[in-house]
Amino acid sequence: MNTYTLGLVVITYLLVIAYLGYVGFKKTKTAKDYLLGGREIHPFVMAISYGATFISTSAIIGFGGIAGVYGMGLIWLTVLNILIGVLIAFVFFGRRTRKMGHNLDAHTFPEFLGSRFQSKGIQMLSGAIIFIAMPLYAAVVLIGGARFIESIFEIDFGMALTFFSLIIAAYVIAGGLKGVMYTDALQGGVMFLSLFFLLFMTYLKLGGVSGAHEALTNMAKLVPVELQGKGHQGWTAFPRLGSAWWWVLTTNIIFGVGIGVLAQPQLVVRFMTVKSNRELNRAVLIGGIFIFVVTGFIYTVGALSNLYFYQETGKLAIEVAQGNVDLVIPEYLNAAMPEWFVYLFMLALLSAGMSTLSSQFHTMGTSIGRDLFENMFPDTQMNSMLIARVGIVVAIVVSIIIGYHLPIGIVARGTAIFFGICAAAFLPAYFGGLYWRRTTRTGVVWSMLAGMLVSAFLLAFVHQKEAVPLGICQALFGKEILVNEFPWMIIDPLLIALPISILVLVGVSLLTPKIDSKHLDVCLKGIH
């Protein structure tokens, strides 16, 4: 594909995105439109938007690269994503969230929690946690997309990062959630079709499904000695039980991301955009199929890239990528796929990043504007849409700055960190608000603080992956981490922070005054 054809494809794609953003802008008349899509989004659009928001460049580039190093054990994350992130999320959380959000006229996730527990403080605390933690996730998604653009077009990483951000900013700021969800639906479709073609072409090149998997299984003896010591048993086998990689895969990736999805503010809002539970029921199957294809297929391709590179170059995927897991998938695409598909897949990667980032920027912007700024000045009449748009600009600038300074190979880990912090800080309070009438506002505040602070402490002083590069523990105590005993330095902080957050919520709620029963009746009206 020559430069002119590539330019035409990209320009056409961006024009369609611009048109959908314009449609969202024209249909956005009120704060409810800007923040919740007017609560009238079609179930297909909602399901694809949910999946496209969930699956970002971090899933395709970051986790695809991880699968290239460690193998298909990562597919268990796909299983958990479908079981928890779609089925349980939609059926057990989505239905109640939609109805309760409507009862309380909540427009954002922090506002939902604040209204449920009659506390502006909870709304502001939730908004602050989102604004503090989400820029890291946004930054790693930006990096995933920018790394691909850098690899394909051979341009400066900083230029790729800035260009990528500005495109998204344009339609998010203008179109609000309607613009975000309309573009998500298109972007999700591009991702779905591209991953289907990628897996098909991979199997075609490697001799079919059974032949490729058998050959990859037989490569187990080629696993580097260092990785064997960590429990790596081949790219089609699960890590050795109790090994270092087993702990990392099960706690950091599968458990951390799989559970963390339930408390993602940008996903929870999706439940409040449809007008009835019937729409949510219709969205379950669509969302499940989407997650299965987009994540399961890329993890499979990531693992199989080892077979392709070994046959062609005698090297493993991570060797070709020069030790950077974020480059495994881009290098495989450049080497194995037709040139025209590489450029089209760039659109899938851009779609993955744009769909997630647009929702992140929208969520961070509304957290700064509606949940923080408006509550800090309650006596001042404000334009909610204008405040949210200003907040989005701030969120984008912060995310770009962080993206410039993060180290290589951070994409997958940054995602897991944010998912873990959200689960520890929000999940007990969110679940309690939906299902336990005895949950109190004091219990929620202490639970959220406990979840976030314990997570932050473990990330800074115990969990090796973050504590060592941060250097805080080294500066204060003269050693890299406080606990050197295996496996505590590699267990995901969520495994410790979430139970503590739950215990604090239950204990403090039982010791503090109940929420007014009349308010609870309003919250739970129509919920069975």
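Nothing fancy with the numbering, it's 1 onward along the sequence. All values reported here derive from a predicted model rather than from experimental measurement.
By the side-chain contact (heavy atoms from CB on, under 4.5 Å) test, Leu524 pairs with Arg96, Met100, Arg437, Ile527, sequence neighbours left out. The side-chain contact (heavy atoms from CB on, under 4.5 Å) test applied to Phe131 returns Ile368, Val394, Val398, not counting sequence neighbours.
Within the model, atoms CE of Met181 and NE2 of His42 stand 11.5 Å from one another, a figure rounded to the nearest 0.5 Å. Between atom CD1 of residue Ile259 and atom OG1 of residue Thr251 there is a gap of 12.0 Å, rounded to the nearest 0.5 Å. Rounded to the nearest 0.5 angstrom, Asp521 CG and Asp516 CG are separated by 8.5 Å.
In terms of heavy atoms, Ser358 sits closest to Val180 at OG-CG1, 3.4 Å. A pairwise comparison of heavy atoms in Val268 and Leu262 identifies CG2-O, 4.0 Å as the closest pair. Across every non-hydrogen atom of Thr78 and Ile291, the tightest pair is CG2-O, 4.2 Å. In terms of heavy-atom proximity, Met448 sits nearest to Ser126 at CE-OG, 3.1 Å. In plain terms, the two heavy atoms of Phe292 and Ile82 that are nearest each other are CB-CD1, 3.6 Å. Scanning all heavy atoms of the two residues, the minimum distance from Ser399 to Ala138 falls at OG-CB, 3.4 Å.
Residues Phe290 and Tyr50 keep their aromatic ring centres 6.0 Å or farther apart. The six-membered or imidazole ring of Phe92 lies away from that of Tyr435, with a centre-to-centre distance of 6.0 Å or more.
A side-chain donor-acceptor contact under 3.5 Å links Thr512 and Thr440. Between the side chains of Thr108 and Thr366, no donor N or O sits under 3.5 Å from an acceptor N or O. At a cut-off of 3.5 Å, with distance as the only test, a side-chain donor of Asn281 or Arg95 sits close to an acceptor on the other residue.
Remark: the backbone N or O of Gly188 is not paired with any side-chain donor or acceptor of Ser351 at under 3.5 angstrom. For Thr356 (side chain) and Ala52 (main-chain N/O), a donor-acceptor pair under 3.5 Å exists by modelled atom type. Proximity of a side-chain donor or acceptor of Tyr182 to a complementary backbone N or O of Val45 within less than 3.5 Å is not detected. Here the side chain of Asp371 pairs no donor or acceptor atom with the backbone of Pro110 at under 3.5 angstrom. No donor-acceptor distance shorter than 3.5 angstrom exists from the side chain of Arg441 to the backbone of Ile122, with no hydrogens or angles considered. A donor-acceptor contact shorter than 3.5 Å links the side chain of His463 to the backbone of Ile490. Remark: side-chain polar atoms of Asn103 are paired, donor with acceptor, to backbone N or O of Lys525 under 3.5 angstrom. In this structure, Ser501 contributes its side chain and Ala424 its backbone to a donor-acceptor pair below 3.5 Å. Not one N or O on the side chain of Ser115 forms a donor-acceptor pair closer than 3.5 Å with the backbone of Phe112. The backbone N or O of Asp105 sits less than 3.5 Å from a side-chain atom of His107, completing a donor-acceptor pair.
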Name the atoms and distances for all side-chain donor-acceptor pairs under 3.5 Å in residues 238-246, with sequence neighbours left out.
from   : atom 1 : to     : atom 2 : distance (Å)
Ser243 : OG     : Lys230 : O      : 3.2
Ser243 : OG     : Arg240 : O      : 2.6
Ser243 : OG     : Trp246 : N      : 3.3

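Residues Asn484 and Met489 are not in side-chain contact: their nearest non-hydrogen atoms beyond the backbone lie 4.5 Å or more apart.
Each of Val269, Ile130, Ile392 was scored for a side-chain contact (heavy atoms from CB on, under 4.5 Å) with Thr363, with one residue passing: Ile130.
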Side chain to side chain contact (heavy atoms under 4.5 Å, CB included) for His519 and Gln118? Distances and angles first, verdict last.
CA-CA 9 Å; His519 174 69; Gln118 295 179 299; 3.4 Å; yes
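Between Phe109 and Phe426, the ring-plane angle classifies as perpendicular under the 30° and 60° cut-offs.
Salt bridge status for Arg270 with Asp184: present, with a side-chain N to carboxylate O gap under 4.0 Å.
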